[in-house]
Amino acid sequence: MNREGLGRLLLTAMVTLVLTVIPLPAWADVIRPQFLVLAVMFWSINAPRTGGIAFGFFAGLMLDVFQGPVLGEHALALSLAAYIFVREHQRIRSKPDFQQALIVFAALTAYEVVLFAIDGWTGHPVTSLLRWVHCVTGALIWPLIAPILAFGAGRRA
Amino acid sequence: MAAFGTGAGRPLQRGGSGFRFTLYAVLSVVAMYFDQRGHYLEQVRYALQGAAYPIQLAVSSPPAAWRWLKESFQTREALQAENTRLRSAERDLEVRTMRYEALAAENGELRGLREALPPVADRWLAAEIVTVQASGLRQRMLLNRGATNGVFKGQAVIDDKGLIGQTVHVGPWSAEVILITDPEHAVPVRIERTGLRTIAVGAGDTSTLALPYLPANADIKPGDLLVTSGLGGVFPEGYPVAKVTEVHRDAVQPLAQVRAAPLAHLDSDAEVMLVWFREDHPAAPTRAVAAKPDTVGELSHGNPGIQPQAAPPKRPPAPPPPVPDATPVPAGTPPASPGNAAAPSNPPAGAHP
């Protein structure tokens, strides 16, 4: 199953990466959730061996190439998010959707705090409040995203 | 919900994930350090950018397909109108070129040279814009030309109206361009009318540049044209950048608040030009050595409104020009480097009435 699991993982990573970087009008860009981050979180909960920290790291590296000021910024933030979710995956997995969304909100905020700090330290500060909007929209969309990502996996089990 | 990867009752060891996290965290921190400091990761970035390019192309294909559809279903009338417009534009350009040749010849004679100088731009390469990030505070675009086309880091990018930006990361088949309106980008400019030198910093949206380092009594007014000053080592002298739109002077503020609108169509272009400049040309970007005093004169570039000696003669910058490497000047640092802008402390003669 590991091979197939990995294939599905990479497929969702590709799709969510495209959704994350596809050009959108300015207003939509502000509220666009970070789909790839959500996917990393989902796989960290549901397949912590296949997905998890390494997956988070490489997904973050891709994000760095697309939109990071320094290589390694998103990689660090995303491996942190993946680590939290892998560590607590059993506890989070058993929670109802609403509570999961709250946890996701907290994790997205932590992720953005890491990015914010690194942006500042490396001399590319972005102090607009708009950068935090995606934490809210990401948490709101989580109950929708999770069943979609689970669809293939659920059929297999 | 499925839980493949972990069998029931077979939890992951916590220590294991903690160790792996530490490993990857250290790896990212090291990557950041080297990318930030020594640019040791250029090779890694180059490879990753090559790997990312197919995705970027795929991502940009829906808008591109839409553009192509719109173009192929254009009506005959629209095409004819465009044709007429282009033809008149071409006539206009030809007239300007004639005038330019005359001016250049006259300039060359005045300098006592045997023949007129060749144009500063050596060659051009048209590049298509693959994606634009012009939202939020990041103003970047991706071009479909890269190192295989000879594109290098810190290369000037222009369109037919003015300056667009410079390349920051070059991949094998693509190059990332930072726009002049990015808040992290600063371009050394000169006010065409007075010759006053200053720095134009991006303001974070595609229609605004800020000139934060001008004293309140500086001679500047709405409508003034800003051209590149040739300092900074990336852009050659004399390329149009922006038009001043708004000058705000406050009695209690020592600095004037000036805004300008870029001349290039930063948000509507589909194609831009990458430019290579002659290294030995007097108007070429000053790289390591200061230009010789007798060659720092004006080189007007075909604007019929400009008289050859309209601007006051510039003094060569006394300290060597800063920022010899081509990285974008961080927005916070320019006032600290005296030779770069020197607007408040060292205005050219005639700047203050």
Side-chain angles (χ1 to χ4, degrees), chain A residues 1-2 5 14 17-18 21-27 29-30 43 46-54 56-57 60-62 64-67 69-77 79-80 82-83 86-87 89-90 93 118 121-124 126-128 130-131 146-147 150 153-157, chain B residues 1-7 10-12 14 16-36 41 44-45 48-49 51-53 55-56 58-60 62-63 130-138 140 142 168-169 171 176 183-184 204-205 330-333:
Chain A
M1 76 116 268
N2 252 333
M14 195 65 95
L17 177 62
V18 166
V21 296
I22 201 164
L24 288 180
W27 62 269
D29 199 57
V30 168
W43 290 120
N46 291 298
R49 279 188 194 281
T50 322
I53 301 164
F57 178 79
L61 217 52
M62 272 335 262
D64 279 328
V65 175
F66 279 96
Q67 42 189 228
V70 274
L71 221 52
E73 176 184 19
H74 289 82
L76 177 62
S79 25
L80 175 70
Y83 169 60
V86 166
R87 206 182 135 94
H89 70 276
Q90 283 180 322
R93 196 158 51 188
I118 297 173
W121 286 330
T122 54
H124 313 80
V126 178
T127 47
S128 159
L130 293 181
R131 66 178 296 160
R155 297 241 312 236
R156 291 198 70 262
Chain B
M1 199 175 288
F4 57 81
T6 43
R10 202 168 56 110
L12 286 171
R14 293 196 164 178
S17 62
F19 171 73
R20 271 189 300 162
F21 169 63
T22 316
L23 189 75
Y24 283 116
V26 168
L27 204 59
S28 353
V29 171
V30 168
M32 274 188 277
Y33 179 81
F34 281 114
D35 197 31
Q36 178 81 357
L41 289 184
V44 178
R45 234 187 213 281
L48 281 175
Q49 200 159 352
Y53 186 54
I55 304 175
Q56 283 163 324
V59 160
S60 76
V130 178
T131 57
V132 182
Q133 285 188 335
S135 49
L137 290 168
R138 232 175 114 75
R140 308 285 167 109
L142 189 85
V168 274
H169 299 300
E176 192 183 323
E184 286 173 31
D205 72 85
T333 51

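In the text below, chain A, chain B and the rest are named by the order of the sequence lines, each starting its count at 1. Keep in mind that what you see is a predicted model, and the values were worked out from it rather than measured.
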Please rank A:Ala77, A:Ala82, A:Ser79 by heavy-atom pairs under 4.5 Å with chain B and give me the top one.
A:Ser79
Can you say whether A:Leu17 sits under 4.5 Å from chain B via the side chain, the backbone, both, or neither, judging by heavy atoms?
side chain
Quick one: pull up CZ in B:Phe21 and CD1 in A:Ile53 and give me the separation to the nearest 0.5 Å.
7.5 Å
Where does B:Val26 contact chain A at under 4.5 Å (heavy atoms): side chain, backbone, both or neither?
neither
Most contact-rich option vs chain B, by heavy-atom pairs under 4.5 angstrom, among A:Gly56, A:Ala54, A:Gly60, is A:Ala54
Point-to-point distance, once rounded to the nearest 0.5 Å, from OH of A:Tyr83 to OG1 of B:Thr22:
7.0 Å
Quick one: of B:Gln49, B:Gln56, B:Glu176, B:His169, who has the most non-hydrogen atom pairs under 4.5 Å with chain A?
B:Gln56
For A:Val70, is there any backbone N or O sitting under 3.5 Å from a side-chain donor or acceptor partner on B:Asp35?
no
Roughly how far, to the nearest 0.5 Å, is CE of B:Met32 from CG of A:Leu71?
9.5 Å
A:Ala75 meets the side chain to side chain contact (heavy atoms under 4.5 Å, CB included) criterion, sequence neighbours left out, with A:Phe57, A:Leu61, A:Asp64, B:Ser28
